[in-house]
Amino acid sequence: MKTKFTAFVAASVDGRISLDPGKSPDWTSREDQKFFHAALAKFDAVVVGRSTFEAARKSLEKRNTYVLSSRPTKIDRTGLVTFVNPSRADLRKIFEKHTAVAVLGGGRVYQTMLDEKLMDEIYVTLEPLIFGQGVPMFIGGTSTAGLQLLAARKLNHAGTLLLHYKVTK
Ligand SMILES: NC(=O)c1ccc[n+]([C@@H]2O[C@H](COP(=O)([O-])OP(=O)(O)OC[C@H]3O[C@@H](n4cnc5c(N)ncnc54)[C@H](OP(=O)(O)O)[C@@H]3O)[C@@H](O)[C@H]2O)c1
């Protein structure tokens, strides 16, 4: 059985996912939050970066969460939370026992999972905002990935867009 990897991103129109790395975003629409929480129920594991974990520790500790960090020298598990250093571990092997893994960011995590070919689909929620600053959606890429748009849906009157992509290369 092949593990399916799906990324979820909420972004401003200028492609920013956070204005403050220490805080969970408080600018996403109610409609996106509803979609995100319903979608997440279908996943048996999530992967996040250390900053995202620290910003949302309380809810992430309740599910199978893999936290990427350069700090651990070995795979380090406490309760449902596993800290993994990607340069010292085989990410594909770590996730193979799960059926559906949600990739929840931040920017370096999205890029790492994309580069490792551990991203099959991406949901991008575009909120009608321009930040002009903040954390970019993907960080540190070295090659261009191709996407196919599977669906596009307007979530509310303000114009929040939910885009669903398949990663093609
Ligand atoms: N809008 C959204 O959809 C969305 C999604 C996710 C997060 N966010 C927000 O974005 C902000 C955090 O994002 P961020 O991009 O600054 O941080 P992040 O990706 O959550 O965390 C960055 C940290 O994760 C570790 N890390 C990530 N990739 C790694 C890799 N390949 N190898 C080793 N370590 C790796 C490193 O930790 P060490 O320093 O321990 O090495 C790095 O400093 C928060 O505000 C969060 O709430 C928003």
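First listed ligand is number 1; within each ligand, the first listed atom is number 1.
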Looking at non-hydrogen atoms alone, which of G106, S70, A7 comes nearest to atom 34 (N) of ligand 1? S70

Selection from E116, R108, M113 by shortest heavy-atom distance to atom 33 (C) of ligand 1: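 Nearest heavy atom to atom 33 (C) of ligand 1 lies in R108.
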
Output yes when the distance from some N or O of ligand 1 to some N or O of [X] is under 3.5 Å, and no in every other case.
X: L104; value: no
X: V135; value: no
X: W27; value: no
X: V9; value: no
X: A11; value: no
X: R50; value: yes

For the student: nearest non-hydrogen atoms of [X] and [Y], plus distance:
X: I17; Y: A11; result: CG2-CB, 4.4 Å
X: A89; Y: V84; result: CB-CG1, 3.8 Å
X: F43; Y: A102; result: CD2-N, 3.4 Å

Atom indices of ligand 1, in the order listed, that fall short of 4.0 Å to a heavy atom of [X]:
X: G49; value: 18 (P), 19 (O), 20 (O), 21 (O), 24 (O)
X: D20; value: 45 (O)
X: R71; value: 40 (O)
X: G105; value: 6 (C)
X: P25; value: 1 (N), 47 (O), 48 (C)

Do T28 and Q33 get their side chains close enough for a donor-acceptor pair, meaning under 3.5 Å?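 Checked: T28/Q33 side chains pair up, N/O donor to acceptor below 3.5 Å.
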
Could you tell me whether the side chains of S12 and E127 share a donor-acceptor contact shorter than 3.5 Å?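 Short answer, no.
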
May I ask you to decide if [Y]'s main-chain N or O and [X]'s side chain share a donor-acceptor pair within less than 3.5 Å?
X: S51; Y: P21; value: no
X: T168; Y: G146; value: yes
X: D14; Y: F131; value: yes

Counting heavy atoms under 4.0 Å, the part of P86 that contacts ligand 1 is side chain

Measure S69 to ligand 1 on non-hydrogen atoms and call it side chain, backbone, both or neither using the 4.0 Å cut-off.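 The part of S69 near ligand 1 is both the backbone and the side chain.
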
Nearest to atom 44 (C) of ligand 1, what protein heavy atom do you find, and at what distance? P21 O, 3.3 Å

Atom 12 (C) of ligand 1: nearest protein contact (heavy atom, Å):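 Protein heavy atom with the smallest distance to atom 12 (C) of ligand 1: T52 OG1, 3.6 Å.
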
State yes or no: do L60 and L91 share one hydrophobic cluster built from I, L, V, M, F, W and Y residues joined by side-chain heavy-atom distances below 4.5 Å, directly or via other members?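 As far as the 4.5 Å side-chain criterion goes, L91 and L60 are not connected within one cluster.
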
Kindly assign one of parallel, tilted or perpendicular to the pair F35 and Y123, based on the angle between their ring planes and the thresholds 30° and 60°. tilted

So do the side chains of V109 and V103 get within less than 4.5 Å of each other, counting heavy atoms only? yes

